Novice: 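After the structure tokens below, expect a handful of questions from me.
Worth saying up front: this structure is predicted, and the values here are computed from it rather than measured. All residue numbers in this chain count up from 1 along the given sequence.
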Amino acid sequence: VNALYRKDKGRYKRAIFIHVDSRSRRNQTDVFFYHAPGSSKGRVLTRELQRTFQSKYRQHQPNRGFDGTVSERNTAPGAVFLEVGNIQNAQDQKRLVIPNNRQALANWITEALVKDYKRNK
């Protein structure tokens with residue numbers, strides 16, 4: 001990813017890494033967002049993703065809350081690393097296995113990316 005980024009500078013580029021963690025079955029997690037250290041574009045995109053997810057959780061699961069955080073990971077382009085859940089946890093599995101839930105995640109990610117693109121094109 002870093003080599004491609006350096007080769008093709010000047011265009012709108014974002015890297016998105018989607019990861020499913022494996023922890024104890026009891027450990028349910030929200031979606032967590034990471035960006036490259038010092039990357040203002042990555043930080044802005046991760047904040048947009050976090051706001052979008054917070055809004056959607058308020059709308060679709062008003063009693064649940066959302067505690068996903070934003071922090072840093074290393075990549076050159078404006079990048080986002082999404083930790084979408086713990087595959088061992090039954091509640092997180094619903095987010096990943098049920099097609100409508102996966103589609104909702106994809107829609108929310110797309111919504112945030114479109115906002116980011118319009119702001120930075």
Novice: Mind checking the NE2-CG spacing from His60 to Asn101? Nearest 0.5 Å is all I need.
Specialist: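 Separation between the atoms: 10.5 Å.
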Novice: Can you name the closest pair of heavy atoms from Arg95 and Tyr57 and give their distance?
Specialist: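 Between these two residues, the closest heavy atoms are NE-OH, 3.4 Å.
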Novice: For Thr52 versus Ala112, what's the shortest heavy-atom pair and its separation?
Specialist: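 Taking Thr52 first and Ala112 second, the nearest heavy atoms are OG1-CB, 3.7 Å.
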Novice: Which distance, rounded to the nearest 0.5 Å, do you find between the CD1 of Ile98 and the CG of Leu105?
Specialist: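 It comes to 11.0 Å.
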Novice: Between Asn107 and Glu111, is there a side-chain donor-acceptor contact under 3.5 Å, judged purely by atom types and distance?
Specialist: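 Asn107 and Glu111 do not have a side-chain donor-acceptor pair below 3.5 Å.
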Novice: Applying the 4.5 Å side-chain criterion to the ILVMFWY set and letting contacts propagate, would Phe33 and Val44 be lumped into a single cluster?
Specialist: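 The answer is no; the residues belong to distinct hydrophobic clusters.
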Novice: When rounded to the nearest 0.5 angstrom, what is the spacing between CG in Leu49 and OG1 in Thr110?
Specialist: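 Rounded to the nearest 0.5 Å, the CG-OG1 separation comes out at 9.5 Å.
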Novice: How many angstroms lie between atom CD of Gln93 and atom CD1 of Ile87, to the nearest 0.5 angstrom?
Specialist: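 Going from CD on Gln93 over to CD1 on Ile87, the span is 5.5 Å.
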Novice: If I take atom CG from residue Asn89 and atom NZ from residue Lys94, how far apart are they, to the nearest 0.5 angstrom?
Specialist: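 With rounding to 0.5 Å, CG (Asn89) is 9.5 Å from NZ (Lys94).
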Novice: Whether the side chain of Thr46 engages the backbone of Gly42 through a donor-acceptor N/O pair (distance < 3.5 Å, no angle test) should be reported.
Specialist: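 Checking the backbone N and O of Gly42 against the side chain of Thr46, a donor-acceptor pair under 3.5 Å is found.
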Novice: Roughly how far apart are Arg51 CZ and Arg47 CZ, rounded to 0.5 Å?
Specialist: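 Spacing of CZ (Arg51) from CZ (Arg47) equals 8.5 Å.
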Novice: Is the shortest side-chain heavy-atom distance between Leu113 and Leu45 below 4.5 Å?
Specialist: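 Leu113 vs Leu45: side chains touch.
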Novice: Please evaluate residues Phe53 and Ile109 with respect to the criterion side-chain contact (heavy atoms from CB on, under 4.5 Å), reporting the C-alpha separation (whole Å), side-chain torsions for both, the decisive distance (0.1 Å), and the verdict.
Specialist: CA-CA 8 Å; Phe53 272 64; Ile109 292 166; 4.0 Å; yes
